2 protein chains.
Amino acid sequence: MERGAILQHDEEGKTDAPPARRRESREKRREQLINATIDSLAKRGYAATTLANVSDGAKLSRGIVNFHFDSKENLLLETLQYMSDEYQENWKARYAESAPDTASRLAALVTADLDRRICTPRTISAWFALMAEAKSRPAYQKLVWERDAKYRGRLTEYCRKAKEEAGYAFDPEIVTAAIYAMQEGLWLRLMLSGGDYKRTTALKVVKEMLGTVLPKHFTPEGTPLSHASKRNTGRKQ
Amino acid sequence: MERGAILQHDEEGKTDAPPARRRESREKRREQLINATIDSLAKRGYAATTLANVSDGAKLSRGIVNFHFDSKENLLLETLQYMSDEYQENWKARYAESAPDTASRLAALVTADLDRRICTPRTISAWFALMAEAKSRPAYQKLVWERDAKYRGRLTEYCRKAKEEAGYAFDPEIVTAAIYAMQEGLWLRLMLSGGDYKRTTALKVVKEMLGTVLPKHFTPEGTPLSHASKRNTGRKQ
DNA sequence: CCGCTTACTGAATGGTTATTCAATAAAAGT
DNA sequence: ACTTTTATTGAATAACCATTCAGTAAGCGG
């Protein structure tokens with residue numbers, strides 16, 4: 001029996017101009033396929049994502065993925081790499097454009113995770129889909145671990161700086177762990193609640209924590225107090 | 001109902017124990033199969049878990065799962081239910097055996113997640129394997145959401161109580177969200193770091209946070225100050 | 001227009017896996 | 001004893017899916 005030569009309407013809408021060019025450069029296609037992969041991971045999860053889903057999503061033929069990525073395994077790995085790069089670029093940019101005082105830097109780092117650009121249901125769902133498999137796939141685990149290490153390192157650096165500036169009692173490593181864990185937990189929540197929980201709510205939580213843990217650097221609502229620069233190593237505020 | 005201390009759920013191993021009984025009660029078999037499922041989820045992840053893995057893990061025949069659970073889908077759902085029950089029983093027990101003052105109750109609730117009994121690599125890995133699929137499976141999502149709601153409700157109740165007792169400025173809902181997110185994030189970290197990160201380290205993080213956020217109820221290291229009962233709404237300690 | 005390269009297609013292949021079910025065997029009931 | 005019920009097996013089945021590859025066609029330099 002014949003399977004549809006009929007045009008199926010957009011699965012995961014994304015694509016471009018009406019008369020989609022039949023040929024594209026290698027890089028464009030690869031990115032298009034990676035995006036279709038993220039769409040499918042977000043929509044169906046890891047287990048139910050097939051190469052047919054991906055190629056359908058990109059409105060291309062069955063063999064296309066193996067042509068560009070050799071294997072499904074490799075497609076998924078490169079997708080993880082792509083998302084990891086995107087994540088890293090984002091926090092580095094938010095960091096770079098922040099004011100140079102400790103409070104602003106910390107706020108930039110901590111807020112970057114919930115930035116509109118990367119914190120979408122699509123991204124988060126796909127991220128966790130891959131994450132859950134990382135346990136049993138060394139290549140994923142390595143990638144994810146490295147992503148974390150860089151960010152956490154930067155965060156610790158500024159927690160340490162804050163401690164020096166204001167004489168907090170905490171252990172910077174522990175506070176970093178706490179903040180970072182909270183952020184990942186909020187991501188999870190954003191994913192699981194399916195829309196009830198909003199990005200802006202999560203932001204409020206993160207900021208209130210900053211205000212509580214670093215009271216010399218932030219207001220109780222989490223607004224950075226950019227004054228506390230190098231001067232006052234003193235006790236009172 | 002007791003946890004399966006009786007049943008050996010070693011991996012699809014080698015030597016056979018005593019001539020395992022060929023017939024068991026319905027309930028025993030179901031629990032044995034659920035345990036084999038958790039083993040496989042933890043070891044291989046969701047995508048690579050097959051019914052053959054499960055039946056081999058339980059040292060039973062191929063058709064056994066469909067006989068007891070009708071379908072793979074259903075097996076996974078009941079596994080999630082099983083883990084969810086176990087989780088709930090644990091924190092309720094830890095809560096019940098804690099001293100009745102606010103600080104001790106909070107400590108019990110918050111610490112329960114990292115209890116030796118449920119916080120094992122096996123449990124956490126399996127949990128996330130199922131969690132990541134929840135997004136695209138309404139039945140999972142509902143279950144997980146309900147699990148959360150009960151626990152979070154109790155946590156909020158005691159955060160509110162603490163606020164009344166000591167006159168903290170925070171919003172109890174937000175603090176609950178922060179604490180809970182941190183706990184889930186720590187779980188994730190325990191899973192991803194594959195042994196580098198220890199349960200006891202996570203415990204330290206959680207306790208230090210309690211000490212910081214609720215300074216009238218905990219020492220800076222997170223030990224509950226059970227005295228702060230109903231009396232002192234005052235300022236200094 | 002001609003060859004040549006490169007991007008793409010989709011039917012065929014082969015391996016994997018959930019599910020079914022007729023056959024078997026252990027209990028339980030009589 | 002022997003009948004019935006219930007648990008279990010494992011081979012057969014059918015669906016699904018990643019991968020292959022021979023063929024098609026678009027772009028391009030000439």
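Lettering of chains follows the sequences in order, A, B, ..., and the numbering in each one begins at 1. Computed over heavy atoms, backbone and side chain alike; hydrogens, waters and symmetry mates excluded. Given the structure is predicted, the values throughout are model-derived calculations rather than measurements.
Taking the centre and axis of the six-membered ring of B:Tyr95, the NZ or CZ atom of B:Lys92 falls outside the cone set by 45° and 6.0 Å. Annotation: cation-pi pair B:Arg189/A:Tyr180 absent, no NZ/CZ under 6.0 Å from the ring centroid and within 45° of its normal.
For B:Leu60, the listed nucleotide lying nearest its side chain is D:dT9; candidates were D:dT9, C:dC8, D:dT19. Candidate nucleotides C:dA18, C:dT9, D:dT19 were compared by shortest atom distance to the side chain of A:Ile64, and C:dT9 ranks first. Here the side chain of B:Thr50 is nearest to one of D:dT19, C:dC8, C:dA18, namely C:dA18. Checked against D:dA11, C:dT9, D:dT8, the side chain of B:Arg62 finds its nearest nucleotide in D:dA11. Across D:dA7, C:dT9, D:dT20, the shortest atom-to-atom separation from the side chain of A:Asn66 is found for D:dT20.
Listed pair B:Arg26 / D:dA7 meets the phosphate criterion, a side-chain N or O lying under 4.0 Å from OP1 or OP2. Using a 4.0 Å cut-off, some side-chain N or O of A:Arg29 falls inside it from OP1 or OP2 of C:dC8.
At whole-Å resolution of the value, CZ in B:Phe67 and P in D:dT5 are 15 Å apart. Between the CG atom of A:Asn53 and the C1' atom of D:dA18 there is a distance of 13 Å, given to the nearest Å. If you measure from atom CG of B:Leu76 to atom P of C:dA18, you get 10 Å, rounded to the nearest angstrom. If you take CZ of B:Arg30 and P of D:dA7, they are 11 Å apart, rounded to a whole angstrom. Note: NE2 (A:His68) to C1' (D:dA18) measures 17 Å, nearest angstrom. Atom CG in A:Leu51 sits roughly 16 Å away from atom P in C:dT16 (whole-Å rounding). Put simply, CG on B:Asp56 is 11 Å from P on D:dG10, counting in whole angstrom units. Across the protein-nucleic acid pair, A:Arg44 atom CZ and D:dC17 atom C1' stand 14 Å apart, rounded to whole Å.
In this structure, the separation between CE on A:Met182 and CE on B:Met209 is 8.5 Å, given to the nearest 0.5 Å.
Where A:Asp70 and A:Ala48 each meet DNA chain D at their nearest nucleotide, the meeting point lying more 5' is that of A:Ala48.
A salt bridge links A:Glu146 and A:Lys142; the closest N-O separation between the charged side-chain nitrogens and carboxylate oxygens is under 4.0 Å.
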- Task: Let me see the working for B:Arg117 and B:Glu86 under salt bridge (Lys or Arg N to Asp or Glu O under 4.0 Å), right down to the final yes or no.
- Result: CA-CA 10 Å; B:Arg117 271 158 285 211; B:Glu86 204 170 47; over 6 Å; no
